[in-house]
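Data block below; observations after.
All ligand and atom numbering here is 1-based and tracks the order in the structure.
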Amino acid sequence: MKAVLWLVAAAALAACGAAPEDGSAERPNILLIVADDMGFSDAGAYGGEVATPNIDGLAAEGVMFTEFHVAPNCGPTRGSLLTGVDYHRAGMGGNPEVAADNQKGAPAYQGFLRDDVVTLAELLHDAGYHTSMAGKWHLGHGARNLPGGRGFERSFALLNGAASHWADQAALIPGSKTRYTEDDQLVDELPADFYSTTHYTNRVIDYISESASVGRPFFSYLSYTAPHNPLHAPDEAIEKYLGRYDDGWDALAAERAARLRELGLLGESQIPQSRPQWVLAWDELTPEQQAGRSRDMEVYAGMIDYMDQSIGRVLQHLRELDEYDNTLIVFMSDNGPSKTAILDYIALGGGAAEYFEQFDNRLENRGRPGSSTDIGPGWAYASATPLRLFKGYVAQGGIRVPLIVKPAGPEAQGRRVDTSVHVMDLVPTILELASVRQTSQWHGIEVAPIQGRSLVTLLEGDSDPAWMERGLGWEAYGMDAYRRGHWKVLRLPPPFGSGDWQLYNLAEDPGEVRDVATENPDLVAELARGWTAYAEANGVIHPNTPVAYSRPVSKGKY
Ligand SMILES: [Ca+2]
């Protein structure tokens with residue numbers, strides 16, 4: 001039965017140019033797991049104190065990337081993740097909610113995937129894969145841009161960038177309506193016991209069972225919304241962490257730096273980034289403020305812990321189906337930790353602070369339905385240790401995050417790869433491992449060639465010096481960065497940067513502590529030219545008005 005279905009699928013895909021290169025029917029399943037706003041050093045394998053045995057287990061069996069780069073925000077990273085091209089080229093130059101006037105309507109900033117890109121799901125579906133996704137979508141609301149319109153035959157999706165994790169569907173941004181779809185049909189009401197991570201996990205388990213019952217390999221995209229604001233987690237997940245963070249964010253950052261050194265993820269001579277001067281020291285908070293902030297971090301840790309347990313349920317399901325060894329598993333975060341306060345989201349939506357008053361944020365209710373809290377810049381700073389800044393910024397704390405790849409097959413080794421790689425590299429990697437060709441024509445449409453490079457040689461343990469010569473560019477909210485080899489230039493407005501290009505040698509200074517631009521003007525000019533070429537090639541437009549993240553922040557607010 002399996003062979004007959006495969007022949008039918010092979011005949012169907014031969015017509016659209018996505019045939020497996022070797023005709024092999026024994027292709028790996030693909031499970032792509034994404035955490036939302038999880039910092040570099042939250043997971044145990046990356047130096048964190050949060051219990052993540054399942055994520056750590058994948059790292060022990062697979063390959064752990066230590067220099068993995070993404071876009072600094074959710075939608076942009078997802079644009080690259082699913083298309084293999086730069087996020088501007090994919091139409092996702094910024095979250096559309098915060099686009100400047102001169103960016104609105106520009107193809108690079110339209111806020112949904114362009115028609116002339118093809119998604120990983122579309123290619124794998126054509127190649128006979130059973131394709132599914134559950135969780136955050138954030139790639140558009142129109143019919144063509146819902147999961148089913150972009151190659152996912154089964155889906156349960158949150159279309160928004162964020163919302164309550166509970167059944168109440170409370171919006172994070174006032175005036176926005178929380179929208180869920182199932183197989184592209186709007187879902188009006190969620191089950192009363194809905195919790196995001198539980199529900200998405202259950203759906204993916206069901207979808208994987210479906211693929212097994214029809215005898216097709218699967219591609220499943222498990223797009224968690226944890227640990228994105230608002231912070232919500234089951235009580236039992238939070239309880240484990242009660243009191244754990246009472247020493248505050250300065251102590252936690254120091255603890256993580258020490259653990260990173262033990263793990264070899266931070267060299268003895270490398271200096272971690274220090275707390276931004278506009279963020280309060282822990283001992284500047286009143287005891288009441290400390291109690292509230294401790295609780296917020298307990299909930300955040302509980303969200304990650306519970307997500308890890310849920311990943312464990314999916315892995316167990318694969319073992320029960322005898323599909324674990326034949327599944328390529330990818331785990332990553334979509335951007336660095338978020339400093340954004342709930343009140344900032346409210347301001348973003350043009351809402352008054354009174355909107356906040358509807359929430360019950362008493363200490364005992366934080367994390368439960370009806371609450372709406374965040375980790376703020378203090379904990380975000382600790383979460384990004386040893387890196388600089390957070391989500392929304394092109395400093396390393398916004399764009400360097402965990403990536404673990406467990407290849408299919410029994411030979412995975414628990415290796416570490418320190419080569420600088422990018423989220424757009426995952427599409428060509430997965431296509432190569434699934435024996436599916438890249439294409440410039442898809443169903444009669446000329447599509448953007450993939451800009452990422454396959455990681456397969458790195459996964460197999462080979463090193464290739466050419467990787468170091470590749471230039472990688474970023475633009476977000478008018479802030480710019482360009483990296484080639486160990487060198488990186490970036491340009492951030494005060495108080496985040498100097499307003500001009502800064503230069504860092506990331507091999508010596510991963511925390512971007514020592515700006516060496518003045519000593520190396522020629523190198524700065526050369527890398528700046530690299531950024532200009534990147535910007536021109538990908539349709540970058542600098543905003544003509546200040547947008548979120550580039551606004552100064554006043555000390556005392558937090
Ligand atoms: Ca995110």
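Ring centers of W278 and F496: under 6.0 Å apart, within the cut-off.
Between D360 and R368 there is no salt bridge, since none of the side-chain N atoms of the basic residue sits less than 4.0 Å from a carboxylate O of the acidic one. R203 and E182 are joined by a salt bridge, as a carboxylate oxygen and a charged side-chain nitrogen come within less than 4.0 angstrom of each other.
Among residues two or more places apart in sequence or in another chain, the salt bridge (charged side-chain N to carboxylate O under 4.0 Å, His left out) test is passed with R78 by D36, D334. Evaluation of the salt bridge (charged side-chain N to carboxylate O under 4.0 Å, His left out) rule for D418 yields no partner, not counting sequence neighbours.
Residue pairs satisfying the salt bridge (charged side-chain N to carboxylate O under 4.0 Å, His left out) criterion with at least one member in residues 66-75, sequence neighbours excluded, are listed as follows: E67-R400, E67-R483.
Counting only protein N, O or S atoms closer than 3.0 Å to the Ca ion (ligand 1) gives 6.
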